[in-house]
Amino acid sequence: MSDENKVDITGIDKASIEMIQKAADEGVELVFDRAKKIKPCPIGAVGQCCKNCMMGPCRLAGKDAEEKHGVCGATLGVIAARNLARMIASGTACHGDHGRDIAFTLLAAAKGEAPGYEIKDEKKLHEVAGWLEIPTEGKEKNELGIEVANACISMFSSQTGELPFIKRAPKKRQELWRERGVIPRGIDREVVEMMNRTHIGMDQDVENIMLQGFRCALANGWGGSMVATELQDVLFGTPKPIRGKVNLGVLKEDYVNIVLHGHEPTLSEMIAAMSQDPEIIAYAKSKGAEGINLSGICCTANEVLMRHGIPTAGNFLQQELAILTGAVEAMVVDVQCIMSYIVDVSKNYHTKIITTSRKAKITGADYVEFDEHNAVESAKGIIREAIDNFANRGKVQIPDIDTHDMVVGFTDETIAYMLGGTYRGSYRPLNDAIISGRIRGIVGIVGCNNPKVATDDVHTLLAKELIKNDVLVVVSGCSGSTIAKSGLLVPEAKDMAGPGLREICETVGIPPVLHVGSCVDNTRILIACTHMVKEGGLGDDISDLPVVGVAPGWMSEKAISIGHFTVASGLLTIFGVSFPVTGSKEMSDMVFNKYAEMFGGKFAFEPDPLKMAELCLDHIDEKRKALGIDTKTERVLYDMEKRRDLQF
Ligand code: NFS
């Protein structure tokens, strides 16, 4: 292979490099090869191409791009805005449909029509009912579950009014949203209206298009994603800190390896439960295996990791690499972020790709429909198919390097509980740690991996630089499983943190990087921010907090939707890789400046991880100054009375 075509392995973990080398030796193409071969279209990458009607596609490139018009007359700004807005709509649709599916599963479970599922967290059910203004008194859990499920389902179809979770945000933020006219009326409605308004001949005002973009993104963050997170907790239990392992080395040679890949825990939870079934284990043993070994990829990995400690085989970019080990009997997928090429890779080995959702079939893959009404049998059928495939194994090569421990499961509830004391959780200690300067600020490192940039370096260098500067880092999605691979998600990583953060980590016993879950769980960050505002001492809106969101290796439309709801919620949000509007001055000004005037939050674009860290620290310091907490206050030794105050 010529050097030009060699995959750039800078920053990638050793286990992945071993598999990339194996692929090269065996002539198997990978995502990294395709990313090298397919040069991204320079016009589309910066938002200069409109293909919304067939008078075009119109490409408004070149030095005079700003003066050009599409055939319909659309300006470059309008074209870039429409493209971005459609990305938001698609991302909101993805997370929204996920939330809807979970709501229907809750409904079926509560009605007794989905054997194997039951409401596991009644406390959460009552809390959610409260936000939905559903009276709870005297109601049995399934009765309440039906009402909560129906109320959530109606968030998708509602046409007027405000989504009920909006009132969870700080009052000032809600008022701002009302003033700007961006409060979502119904999740589906905002997606449909976004698609309508970006059709040829519709909305042709950049600001007006993006205001609907924000309404659509808020329908994700304070709508669809929040429904998914909350109802998953209700059904499967709210995660608590738990240990797990990450990287390809979690696959086991003598076991039937089933890799769970995708997003909705409805499927993976049932496979996790059924893999413990004595009859199923006996069946695996009858085929010569020691047992069944489950592991995860992408957000499904995060869901089963934080609830059961099931190890993570890898992030988005490792899905093909897991198959290359030759040790995977079945990769079971449901929806989202599944590369169709895993089917091609699997043809070189014995791995079966089993698709399970009517919404996401892949030509050439097996299809075993997963029906939550018949989940036990569906899950058993899938596991049996994997077991039957054990006999077809060829040579196995599982990298036994770079597997790391991690502690995960830090929800907005557990953060309060751990920092706030045993009896009653509170955000007071966290706020006090920020005010005293021991914790300088908080940065959420979220989102995907992208083969266009040096994965995993871009994530880990950023995280290391931040914790060194006393910034508490929270992670989710594939960023979480990526950063975990550098060993930062264990309490012992405190030694890499600055003195203030190290002290907090030592006292509480937490890692300096807290894993909050999957991408829909970014809503946990929104709620944590809201708690910090409500606790007092850090301003009266999310935009006052020394908090930043970063997506260093983003690639999906979901990430763009998430970015817009974090900006609308008041946070500086930094994107790496590239930003799909930079070809238009008008849209660049909108995204990088005017958003701030509209919402107090804005985007920044910076591909270099150390410069990203600098941007985070500058923003945090600016916010600290505005709050009047920019000087480190004297350290106070607490007496017993003060300690008690802290806890209650
Ligand atoms: Ni998020 Fe999850 Fe990963 Fe990116 Fe895809 S798995 S929803 S989109 S690639 S973080």
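Atoms within each ligand, like the ligands themselves, are counted from 1 in listed order. Fair warning: this is a prediction, and the values are worked out from it, not measured in the lab.
With sequence neighbours left out, Asp412 forms a side chain to side chain donor-acceptor pair (under 3.5 Å) with no residue at all. His308 is linked by a ring pair (Phe, Tyr, Trp, His ring centres under 6.0 Å) to nothing, counting only residues two or more places apart in sequence or in another chain.
Not one N or O on the side chain of Thr312 forms a donor-acceptor pair closer than 3.5 Å with the backbone of Ser481.
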Taking distance alone, no hydrogens or angles, what donor-acceptor pairs closer than 3.5 Å link side-chain atoms of residues 547-556 to residues at least two apart or in another chain?
residue	atom	partner	partner atom	Å
Trp554	NE1	Gly576	O	3.0
Trp554	NE1	Ser578	O	3.2
Ser556	OG	Lys558	N	3.4
Ser556	OG	Ala559	N	3.2

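Comparing His263, Glu557, Gln336 by heavy-atom distance to atom 6 (S) of ligand 1, the nearest is His263.
Protein-derived N/O/S atoms nearer than 2.8 Å to atom 4 (Fe) of ligand 1 total 1, waters excluded.
Taking the ring centre of Phe236 as origin, the terminal cationic atom of Arg307 falls outside the region bounded by 6.0 Å and 45° from the ring axis.
No close placement of the Phe214 and Phe565 rings is indicated, their centers lying 6.0 Å or farther apart.
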